Amino acid sequence: MASIQQSGNQSRGQWSGRMGFILAAAGSAIGLGNIWRFPYSVAEGGGGLFVLIYLFFVLAIGLPVLLAELSLGRESRRNPVGAFKALIPGKMWPYVGGLGVLTGAGILAFYSVIAGWTLGYLGKAVSGTLVQAQDGETSGEIFNSFVADPFWPILLSGLFLLLTLFVVRGGVSKGIERATTLLMPALFVLLIAMAIRAVSLQGGMDGLIYLFTPDWSKLSLNVVMGALGQALFSLSLGMGAMITYGSYVSKRENLWKSGIFIATADTGIALLAGLIIFPTLFFANADPLAGPGLVFVVLPTIFNQMPLGTVFAGAFFSLLAIAALTSTVSLLEVVVAYFVDEKGWKRNQAAVAVSGFCFFLAVPSALAFGAAPAFSGGEGSILPFNLDFLTLNNNIWGNYSLSIGAFLICIGVAWVWGVPRFLAALEDGGDRTFPMPGREVTGFLVKIVCPLAVLIVLIFIVVTGQYF
Ligand code: TRP
């Protein structure tokens with residue numbers, strides 16, 4: 001079945017098979033979050049300490065919330081709003097799904113800007129410009145001049161949204177599965193080759209030490225919040241993307257195995273990206289605090305250390321753009337599924353309207369990073385401070401909104417729907433039980449540990465006022 005044109009229960013599409021769903025969900029999870037956001041968050045969070053806390057959150061919060069979302073979706077066969085309406089009694093719950101829909105649009109609006117940068121860098125790789133990026137300094141200049149003029153960043157983020165629109169219009173299995181089946185494994189192989197080269201560069205060892213040695217003096221609320229947000233963001237959790245994808249999964253599927261596979265693949269790719277970026281960063285003597293520009297400054301320098309560097313660079317930025325596309329597709333799909341299921345819009349119309357709206361929202365983020373002296377707080381600025389929409393959106397939607405969403409999803413699933421029903425839905429469809437004590441642990445994590453941990457972090461942030 002290839003189409004999800006109609007709303008309602010029986011006529012929803014399904015993934016074409018076991019691999020279709022797993023690859024599409026992994027495609028949603030694996031994206032710029034792993035290769036762009038993870039490394040610069042690590043750098044801002046002081047290296048190994050961030051990695052350690054992030055890994056803890058993936059296990060203690062990410063995996064349980066992933067299983068909760070997938071179960072909710074498969075059992076209800078609806079978009080996030082409909083899923084709550086169908087399964088969780090109480091007037092307030094559909095709003096949790098609504099927050100997710102809003103968050104999807106919010107994330108898409110800055111994510112498409114970075115995705116546009118990957119297209120820009122693909123162009124630079126193919127045209128040979130990146131050959132000049134021999135060290136962190138020249139590479140940084142190339143990046144700065146790229147984002148300083150808003151023309152290309154805005155145009156390319158629009159182009160990326162257009163690509164996303166085409167895939168989403170085509171329906172679930174046709175569009176999304178095909179893009180993922182071949183290209184995700186290709187990205188994986190390419191990253192391994194790059195990691196091997198990076199680690200053997202001069203200074204490579206310093207990078208590894210930085211990545212894996214926790215410096216406890218760096219411990220702060222912001223680091224913890226960043227790691228929590230990153231664990232959720234990277235696994236596409238907290239806004240219903242996995243509820244939506246779960247709604248297309250058949251009962252034959254073993255959700256335990258799928259969840260574990262998705263979380264492992266996603267975390268593996270993030271660590272692999274770290275194994276490439278940090279050794280190369282030390283080798284090229286680049287600035288670790290380049291923020292959202294980090295990957296775009298660091299990576300071009302490694303290609304110049306590889307045989308057939310231009311070919312590698314072109315392949316890498318193509319695959320990165322495709323990885324980003326399978327993620328933006330899942331973001332747009334959530335919002336579109338909502339308008340189709342709940343508001344009766346035509347799929348085509350919903351996709352066009354939502355992506356157009358997101359393009360509009362993306363422009364301030366495209367201007368934010370270097371391209372808008374008027375808002376920079378510096379010379380010639382009309383504001384006394386730097387208004388960086390990209391970072392602002394990234395924090396609001398990508399950290400806070402997802403955390404609040406994950407908290408509410410856990411409460412709804414474990415406390416209202418109930419752990420027994422959740423576990424039954426998780427294992428629905430025959431012999432799907434997970435060896436003890438997996439079930440008990442999962443129930444406990446979703447009911448107690450996840451909501452409590454998120455709540456504690458959020459309360460600390462509110463009390464201390466350390467929002468960013
Ligand atoms: N997980 C994706 C990444 O790492 C981004 C993404 C796609 C996402 N869908 C999402 C993040 C839903 C949060 C929620 O690039």
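Every heavy atom of this structure was used, including side-chain atoms; hydrogens, water molecules and symmetry mates were not. From a predicted model like this one, the values you see are computed outputs, not experimental measurements. First listed ligand is number 1; within each ligand, the first listed atom is number 1.
For the pair Lys85 and Trp93, the NZ or CZ position fails the cation-pi test of under 6.0 Å to the six-membered ring centre and within 45 degrees of the ring normal.
The shortest N or O to N or O distance between Phe233 and ligand 1 is below 3.5 Å. Checked by distance only, ligand 1 and Asp266 stay at 3.5 Å or farther apart across all their nitrogen or oxygen atoms. Note: an N/O pair closer than 3.5 Å links Leu32 and ligand 1 by distance alone. Ligand 1 has an N or O atom lying under 3.5 Å from an N or O atom of Gly33, backbone or side chain.
Taking 4.5 Å as the limit, some side-chain heavy atom of Met92 sits within range of a side-chain heavy atom of Leu408.
Taking the centre of each ring, Phe296 and Trp117 come in below the 6.0 Å mark.
Scanning the protein for heavy atoms near atom 15 (O) of ligand 1, the closest one is Tyr111 OH, 2.4 Å. Among protein heavy atoms, the minimum distance from atom 2 (C) of ligand 1 is reached at Ser28 O, 3.1 Å. Of the protein's non-hydrogen atoms, Ser330 OG, 3.0 Å is the one closest to atom 9 (N) of ligand 1. At the shortest separation from atom 12 (C) of ligand 1 among protein heavy atoms lies Met239 SD, 3.3 Å.
Expressed to the nearest 0.5 Å, how far CZ of Phe317 lies from CD1 of Ile322 amounts to 13.5 Å.
Ser139 places no side-chain N or O within donor-acceptor distance of the main-chain N or O of Ala133, the cut-off being under 3.5 Å.
In this pair, Tyr54 and Phe50 present their aromatic rings parallel. The plane angle is below 30°, not in the 30 to 60° band.
Within the 4.0 Å heavy-atom criterion, the part of Ile107 lying near ligand 1 is the side chain and not the backbone. Proximity of Ala29 to ligand 1, defined as any heavy-atom pair under 4.0 Å, is confined to the backbone N, CA, C and O atoms.
A salt bridge links Arg347 with Glu333: the distance from a Lys NZ or Arg NE/NH1/NH2 to an Asp or Glu carboxylate oxygen falls below 4.0 Å.
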Evaluation steps, ring-ring contact (aromatic ring centres under 6.0 Å, His included), between Tyr40 and Trp36: CA-CA 7 Å; Tyr40 92 81; Trp36 159 73; 5.4 Å; yes
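The nearest non-hydrogen atom to atom 8 (C) of ligand 1, considering only Gly27, Gly405, Gly31, Ser236, comes from Ser236.
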